[in-house]
Amino acid sequence: MQQQQQAAFSYLQPYSPAEQRPSISLDEEVRLYTNSKDREKYDNMADLYGIIVMMEHLEKAYIRDSITHEEYTPACTNLIAKYKTALNLVPDSVPDLEVFMHDYKVPHRVRSPALTFSHILPVVLKSFTHSLTSQLACPAAANRLKIGVPATYEHAIGDPNHDSGKSAKYVAETVQNFITLMDNLKLNFKAVDQLHPVLVDLIQSLNNVTSLPAEFEGRAKVRKWLIDLNQMKASDEITEEQSRQMLFEMEQAHTEFYRSLSEGNGK
């Protein structure tokens, strides 16, 4: 009887620290992966995360005149190329840039002494645990990566040393790019990797023609198609309807370009 009572109240026995319990270290690294495949996926996603944060810093530095046009353009082009490469490595995990930025809480501001991965990535890894309540906030990076070209290509930059010889060269390049793009569309070229490079050359040459008025609508049309194609994969193709619409708008922009030049020369 006494043994039965002791067994019944055994749960009231005092806690003994000597009992074998699993030890948990708060300083131990939490692994997100259990195999090499998952490890590679998370490494690639961390690279993509770092590129987004660096692009935000680069855009802010350019806006604040901390870097020159000559320094900004190649750095931005390099980051855009790296972004596209990194995105291709995680097509299943990152279907959309804004969804990725929202899911992984890309921070609004990450303090880093330089625009290098060695400084960015430690802060990036730390931010996964310290910014769980932050909202999507890297607008400059999201906009630049969506457009797919540096701001110096997207917007015209005035040249203080105006050279009539260079102006004639830029006009000729713009006409050539218009004709090349329209010929590609007439030849039924529909793949993104066939049209996107020509659009980049066209928007860049248009911005070099400083005599164009600010309200020139052709630039906005080229920019719109550039953004649309930048959201697609290189192997994707535009539809027949999109091809006809692009050709129609480029012919309009080409005609408007000539008219703007004529009006400028007539003044």
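In what follows, every heavy atom counts, from backbone to side chain, and hydrogens, waters and symmetry copies are set aside.
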Contacts of type side chain to side chain donor-acceptor pair (under 3.5 Å), residue [X], not counting sequence neighbours:
X      : value
Lys146 : none
Glu256 : none
Asn177 : Ser205

Practice item. If a pair satisfies salt bridge (charged side-chain N to carboxylate O under 4.0 Å, His left out) and one of its residues is in residues 173-189, list it, with sequence neighbours excluded. Key: none
Review point. Can you list every salt bridge (charged side-chain N to carboxylate O under 4.0 Å, His left out) pair that touches residues 188-200, not counting sequence neighbours?
Key: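 Non-adjacent pairs meeting salt bridge (charged side-chain N to carboxylate O under 4.0 Å, His left out): Lys190-Glu240.
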Who are the side chain to side chain contact (heavy atoms under 4.5 Å, CB included) partners of [X], not counting sequence neighbours?
X      : result
Thr239 : Glu241, Gln242
Ala220 : none
Thr68  : Glu70, Glu71
Glu215 : Pro213

**Study point:** Full working for side-chain hydrogen bond (donor to acceptor under 3.5 Å, both in side chains) between Asn230 and Lys84
**Key:** CA-CA 10 Å; Asn230 196 54; Lys84 291 181 178 180; 3.2 Å; yes
Residues in ring pair (Phe, Tyr, Trp, His ring centres under 6.0 Å) with [X], at least two apart?
X      : result
Tyr42  : none
Tyr83  : none
His196 : none

Point to revise | Test: Arg144 and Glu59 ion pair at under 4.0 Å | key: yes
